[in-house]
Protein chains: 2
Amino acid sequence: MKKTDGILHHKGEAHTADPMDRKLLGQLVGDATLSYAELGQRVGLSAPAAHERVKRLRQRGAIKSVSTLIDPASVEKSLLAFVHVDTTGWGKTPTLLAISQYPEVEEIHSVAGDACMLLKVRTNGTQALEHLLAQLYATPGVKATRSYVVLSTYLERPVQAETTQEWPVIDFTRQQADAKNLL
Amino acid sequence: MKKTDGILHHKGEAHTADPMDRKLLGQLVGDATLSYAELGQRVGLSAPAAHERVKRLRQRGAIKSVSTLIDPASVEKSLLAFVHVDTTGWGKTPTLLAISQYPEVEEIHSVAGDACMLLKVRTNGTQALEHLLAQLYATPGVKATRSYVVLSTYLERPVQAETTQEWPVIDFTRQQADAKNLL
DNA sequence: CTTGAAAGTCCTCATTT
DNA sequence: AAATGAGGACTTTCAAG
């Protein structure tokens with residue numbers, strides 16, 4: 001091993017992708033069917049080089065899976081809802097996690113705020129949602145739920161590789177000046 | 001054009017996938033890198049037959065895209081949050097939709113309930129979230145926001161092809177009987 | 001990391017049931 | 001609508017610079 005050739009010299013810390021890796025990930029998130037030839041061309045790399053980097057990204061776990069994104073309507077899941085779940089005690093309840101068995105449940109998070117758990121569920125109509133809620137209420141420790149039914153979705157996409165680098169710098173000095181002027 | 005080769009002969013109605021299509025979609029959601037040979041084998045079809053059906057699923061729009069799912073940590077998006085946005089008037093505000101420009105914003109829905117809009121955002125830390133919220137507040141018509149910061153994620157997956165067929169039948173008769181016994 | 005080439009696999013077509 | 005079999009295109013992957 002002559003040079004530092006870049007695999008886990010950083011003692012177990014979570015690897016963050018370098019700029020070239022991000023370009024690769026960005027392309028692959030947009031279209032995972034790209035050949036390594038075209039992928040490499042888009043980011044300015046040869047096919048073997050692109051392949052090598054992608055292979056490493058897979059090994060590191062940066063690439064979790066390659067999935068087909070389907071239209072919910074085609075599988076009769078017209079109703080999308082976010083469900084806030086209040087639990088007694090601490091929501092570590094493994095019983096609650098059992099609802100991940102239902103393919104209608106897409107996300108389960110524990111959140112800070114006035115809800116303990118947050119679920120994203122997609123069902124075939126309101127009746128199926130009701131049954132899901134019934135399951136929740138039947139779960140020990142579930143105190144209450146609040147459902148937010150989605151009327152229309154304007155954007156829904158997987159985790160993007162891009163990051164906003166330069167957030168607008170808020171000029172507090174100026175704002176304070178403005179505030180003084182308002183007094 | 002000899003035969004009906006399958007583009008929109010069904011007058012615009014929303015196609016729902018038949019059982020075989022659902023099996024195909026189920027496999028492809030789990031792993032989009034399957035060859036048609038293996039895909040067909042898993043669902044009990046030959047490779048060309050599988051290909052034919054998948055091609056039709058693409059044409060119908062049942063398959064929206066094939067995407068690489070990446071680990072948020074690898075691209076420095078450690079913070080996940082759901083943001084409820086209250087808007088004055090009706091939240092049709094195209095101005096609000098402009099925030100879809102930020103790759104940190106993954107979902108935008110209009111919802112029923114006490115929030116008008118619901119956002120799913122994934123940022124690099126709290127400061128980036130703050131900047132995003134600042135953008136929201138700078139948007140005309142945005143009255144208030146409530147953020148639910150995710151502490152840990154137990155489940156997060158794309159739209160599943162499977163549907164729970166037989167929801168537990170709630171025996172209200174029995175429950176009413178039980179209720180009477182409790183009186 | 002790039003170029004070039006070989007090996008392997010997959011897609012796709014036509015034919016048949 | 002689906003299965004079989006063969007042709008051809010493509011990709012992956014190795015080697016060398």
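Lettering of chains follows the sequences in order, A, B, ..., and the numbering in each one begins at 1.
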**Student:** CE of B:M20 versus C1' of D:dA2: gap in Å, rounded?
**Tutor:**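 Taking atom C1' of D:dA2 as the reference, CE of B:M20 is at 10 Å.
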**Student:** Hey, could you give me each pair passing ring-ring contact (aromatic ring centres under 6.0 Å, His included) that has a residue in residues 116-141 of chain B? Not counting sequence neighbours.
**Tutor:** A:W167-B:H131
**Student:** Would you mind reading off the distance between B:Q41 atom CD and D:dA3 atom P, rounded to a whole angstrom?
**Tutor:** 12 Å
**Student:** What does the list of N/O pairs under 3.5 Å between the protein and nucleotides 2-4 of chain C look like, with a distance for each?
**Tutor:**
unit_1	atom_1	unit_2	atom_2	d
C:dT2	OP2	A:S46	N	2.9
C:dT2	OP2	A:S46	OG	2.8

**Student:** Between atom CD in A:E38 and atom C1' in D:dT12, what is the gap in whole Å?
**Tutor:**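 A:E38 atom CD is separated from D:dT12 atom C1' by 16 Å.
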**Student:** Taking atom P of C:dA14 as reference, at what distance in whole Å does atom CD of B:E52 sit?
**Tutor:** 13 Å
**Student:** Sequence neighbours left out, what passes side-chain contact (heavy atoms from CB on, under 4.5 Å) with A:Q41? Give chain and number order.
**Tutor:** none
**Student:** With sequence neighbours left out, write down each residue that passes side chain to side chain donor-acceptor pair (under 3.5 Å) with B:S100, or none if nothing qualifies.
**Tutor:**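 Partners of B:S100 by the side chain to side chain donor-acceptor pair (under 3.5 Å) criterion come out as none, since no residue qualifies.
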**Student:** With B:D71, which residues qualify under side-chain contact (heavy atoms from CB on, under 4.5 Å), at least two apart?
**Tutor:**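 With neighbours one apart ignored, the set is A:K64, B:A73, B:S74.
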**Student:** Can you check nucleotides 7-11 of chain D for protein contacts, nitrogen or oxygen pairs under 3.5 Å, and list what you find?
**Tutor:**
unit_1	atom_1	unit_2	atom_2	d
D:dT11	OP1	A:S35	OG	3.2

**Student:** Mind checking side-chain contact (heavy atoms from CB on, under 4.5 Å) for A:Q27 and listing every partner two or more places apart, or none if nothing turns up?
**Tutor:**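 Checked A:Q27 against side-chain contact (heavy atoms from CB on, under 4.5 Å); matches are A:L34, A:L39, A:R42, A:V43.
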**Student:** Step by step, would you call A:H84 with B:H84 a ring pair (Phe, Tyr, Trp, His ring centres under 6.0 Å)?
**Tutor:** CA-CA 12 Å; A:H84 290 198; B:H84 290 199; 5.2 Å; yes
**Student:** Taking atom C1' of D:dT12 as reference, at what distance in whole Å does atom NZ of A:K55 sit?
**Tutor:**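 So the two atoms are 10 Å apart, to the nearest Å.
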**Student:** Who pairs with A:K23 by side chain to side chain donor-acceptor pair (under 3.5 Å), at least two apart in sequence or on another chain?
**Tutor:** none
**Student:** For B:E130, enumerate each residue passing the salt bridge (Lys or Arg N to Asp or Glu O under 4.0 Å) test, keeping only those at least two apart in sequence or located in another chain.
**Tutor:**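 With sequence neighbours excluded, B:E130 shows a salt bridge (Lys or Arg N to Asp or Glu O under 4.0 Å) to no residue whatsoever.
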**Student:** I want to check one thing: is the phosphate of D:dA1, taken as OP1 and OP2, less than 4.0 Å away from some side-chain N or O of B:R53?
**Tutor:**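 It does not, given that no N or O in the side chain of B:R53 lies less than 4.0 Å from OP1 or OP2 of D:dA1.
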